[in-house]
Amino acid sequence: MRVLSGIQTTGNLHLGNYLGAIRNWVKMQDEGECLYFLADLHAITVYNDPEELRRNTREMAAALIAAGIDPDRSILFNQAQVPAHAELAWLLNCTARIGWLNRMTQFKEKSGKNRESASVGLYVYPVLQAADILLYQSTHVPVGEDQRQHLELTRDVAIKFNTDFDREIFTIPEPYIGATAARIMSLRDGTSKMSKSDPSDMSRINMTDDADSIAQKIRKAKTDPEPLPESVDGLEGRPEAKNLVNIYAALAERTPAEVLAEHAGKGFGQFKPALADLLVETLAPITARFNALRADSTALDEHLARGADKARALAQPTLDSAYDALGLVHRTRRAT
């Protein structure tokens, strides 16, 4: 099994990122060969300050390593150091159909009412995403609901390319079904996902928050006046209460039912301090390591460079096969 997943280089990793994806990535390292990339080429589909993008790329690498991604066991790199991503994306642009891209709901959501002024890159980035996956003959891709449509596009592109040229150039990837990822919601609104884009910093637990900040945010998290129920059914219609119970369950690697069995009947005045203590216990060592790692940009660059070397070696045979199938004279053929 070869698993590939990427993460946007937005900086400011938060609890939702960690419990929703990264902790599962760490566990995947025991199940097969893993490639994790920082999606800096995807980042430039909208304007980014160059210095901020460089800083965010390094900081995201530091965060992943601090959370448990081992660059000696997995391949950790940023897209920009592997030109094959952009090369294969162009080849696949000539296979993907406009009708397929027109059905991509994320472009409609991200471009909003100013669709005509959106970059071409934002429109075709699902094809770059397909290239990310197909380049490494990935067998499995962890996807949430918001990315499932893009994996289907990837499969369609791979099948059409293989069929058009009557060659098995690309492995058809499957969605990775691992441990159920926690869906972490805002501390201010239990119906909205925890997000960096929320203007209120009190809505999220940042991976850089210290113990006092975490305790304050949990203490001020929106709740209701009712005590915790005895069963999960009792959380229906109580989104903020449900969110805090789910956070506790995810951190403790228990089910919400088990959490309620221990805390049923307690008010949030008792439950919130217990949750804050568990958060600090879990995140403190990650935060400490993150702060140490991000202070050494040279070491981070070396980790990413080593990962990119490995990624390029894996990518080249697939890229060469795609060029060859298309009848393009490329560097490998020139050398023979």
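- Proximity of a side-chain donor or acceptor of Arg155 to a complementary backbone N or O of Pro173 within less than 3.5 Å is detected.
- For Glu51, the side chain to side chain donor-acceptor pair (under 3.5 Å) test picks out Arg54, with sequence neighbours left out.
- Crowding of Asp30 atom CG: a count of heavy atoms from other residues, nucleotides or ligands under 6.0 Å exceeding 12.
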side-chain contact (heavy atoms from CB on, under 4.5 Å) between Thr139 and Glu174, worked out: CA-CA 6 Å; Thr139 60; Glu174 299 289 340; over 6 Å; no

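- For the residue pair Gln216 and Asp212, no side-chain donor N or O sits within less than 3.5 Å of a side-chain acceptor on the partner.
- For the side-chain contact (heavy atoms from CB on, under 4.5 Å) criterion with Ser138, the lone passing option out of Asp132, Val3, Ile133, Leu35 is Ile133.
- In this structure, CG in Leu328 is found 7.0 Å from OH in Tyr323, a value given to the nearest 0.5 Å.
- From Asp277, atom CG reaches atom CG of Leu251 across 11.5 Å, with rounding to the nearest 0.5 Å.
- In this structure, Asn291 CG and Glu59 CD are separated by 9.0 Å, a value rounded to the nearest 0.5 Å.
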Which is it for His150 and Met104 under the side-chain contact (heavy atoms from CB on, under 4.5 Å) test, yes or no, and what are the steps along the way? CA-CA 8 Å; His150 290 174; Met104 297 294 105; 3.3 Å; yes

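- Remark: side-chain polar atoms of Ser186 are not paired, donor with acceptor, to backbone N or O of Met194 under 3.5 angstrom.
- Side-chain atoms of Thr287 never come within 3.5 Å of backbone atoms of Thr208 as a donor-acceptor pair (strictly under, hydrogens ignored).
- There is no path of hydrophobic side-chain contacts, each under 4.5 Å, that joins Leu53 to Leu64.
- Panel note: side chain Arg289, backbone Ile65; a donor-acceptor pair is recorded below 3.5 Å.
- In the displayed structure, Glu262 atom CD is contacted under 6.0 Å by more than 12 heavy atoms of other residues, nucleotides or ligands.
- Side-chain contact of Thr223 with Glu240: a donor-acceptor pair under 3.5 Å is absent, judged by distance alone.
- Under a cut-off of 6.0 angstrom, the local environment of NZ in Lys310 is crowded, with over 12 non-hydrogen atoms contributed by other residues, nucleotides or ligands.
- For the residue pair Asn102 / Tyr123, a side-chain donor-acceptor distance below 3.5 Å is found, with atom types taken as modelled.
- The side chain to side chain donor-acceptor pair (under 3.5 Å) test with Asp40 singles out one residue from Asn78, Thr9, Asn48, and that residue is Asn78.
- With no hydrogens or angles considered, a side-chain donor-acceptor pair links Asp210 and Ser213 at under 3.5 Å.
- Taking all atoms of both residues into account, the shortest heavy-atom contact from Gly307 to Ile75 is O-CG2, 3.3 Å.
- Of the possible donor and acceptor atoms, none in the side chain of Ser74 sits under 3.5 Å from a partner among the backbone N and O of Leu76.
- The main-chain N or O of Thr10 is found under 3.5 Å from a side-chain atom of Lys196 such that the two form a donor-acceptor pair.
- Hydrophobic cluster membership differs between Leu283 and Met185, with clusters built from Ile, Leu, Val, Met, Phe, Trp and Tyr side chains linked at under 4.5 angstrom.
- Here the shortest heavy-atom pairing between Leu153 and Pro126 reads CD2-CB, 3.4 Å.
- In this structure, Phe271 has its ring center closer than 6.0 angstrom to the ring center of Tyr248.
- Looking only at distances, a side-chain donor or acceptor of Ser203 sits under 3.5 Å from a matching main-chain atom of Ser200.
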Quick one, Arg167 with Asn162, criterion side-chain contact (heavy atoms from CB on, under 4.5 Å). Give me CA distance, side-chain angles, the key distance, then yes/no. CA-CA 5 Å; Arg167 301 191 195 185; Asn162 289 349; 5.8 Å; no

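- From Leu260, atom CG reaches atom OG1 of Thr255 across 8.5 Å, with rounding to the nearest 0.5 Å.
- Residues Ala325 and Phe161 come closest through the heavy atom pair CB-CE2, 4.1 Å.
- The hydrophobic clustering, which links ILVMFWY residues whose side-chain heavy atoms are closer than 4.5 Å, places Leu13 and Phe290 apart.
- Linking ILVMFWY residues whenever their side-chain heavy atoms come closer than 4.5 Å, directly or via other members, leaves Ile218 and Met202 in distinct clusters.
- In this structure, Ala84 and Ala315 approach most closely via the heavy-atom pair CB-CB, 4.1 Å.
- The pair Asp189-Lys222 does not count as a salt bridge, with every side-chain nitrogen at least 4.0 angstrom from each carboxylate oxygen.
- In this structure, a donor-acceptor pair under 3.5 Å is absent between the side chains of Thr154 and Gln129.
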Verdict with supporting geometry, Lys220 and Arg188, side-chain contact (heavy atoms from CB on, under 4.5 Å): CA-CA 9 Å; Lys220 293 188 175 183; Arg188 310 301 291 170; 4.3 Å; yes

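- In summary, the side chains of Glu33 and Tyr136 do not present any donor paired with an acceptor at a separation below 3.5 Å, with no hydrogens or angles considered.
- Taking the side chain as every heavy atom from C-beta outward, Leu88 and Leu91 approach each other to under 4.5 Å.
- Both Met1 and Ile69 are assigned to one and the same hydrophobic cluster, defined by single-linkage of ILVMFWY side chains at heavy-atom distances under 4.5 Å.
- Taking every heavy atom of both residues into account, Pro256 and Ala249 meet most closely at N-CB, 3.8 Å.
- Note that the OG1 atom of Thr163 and the CD1 atom of Ile169 stand 11.5 Å from one another [nearest 0.5 Å].
- Side chain of Lys272 to backbone of Arg219: a donor-acceptor contact under 3.5 angstrom is found.
- Here Leu275 contributes atom CG and His263 contributes atom NE2; the two are 9.0 Å apart, rounded to the nearest 0.5 Å.
- Salt bridge Lys217/Asp201: present, at least one basic N to carboxylate O contact under 4.0 Å.
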Go through it in stages, so that I can follow the logic: the residues are His14 and Asp209, the test is side chain to side chain donor-acceptor pair (under 3.5 Å), and I'd like the CA-CA distance, side-chain angles, deciding distance and then a yes or no. CA-CA 9 Å; His14 57 70; Asp209 285 344; over 6 Å; no

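- Ala66 and Leu293 get closest at one heavy-atom pair: N-CD1, 3.7 Å.
- Leu187 has its side chain out of reach of Arg204: every pair of non-hydrogen atoms, C-beta onward, lies at least 4.5 Å apart.
- With hydrogens and angles disregarded, a donor-acceptor distance shorter than 3.5 Å links the side chain of Gln29 to the backbone of Gly68.
- Between Lys242 and Glu236, the closest side-chain pair of non-hydrogen atoms falls below 4.5 Å.
- Here the side chain of Gln137 pairs no donor or acceptor atom with the backbone of Thr318 at under 3.5 angstrom.
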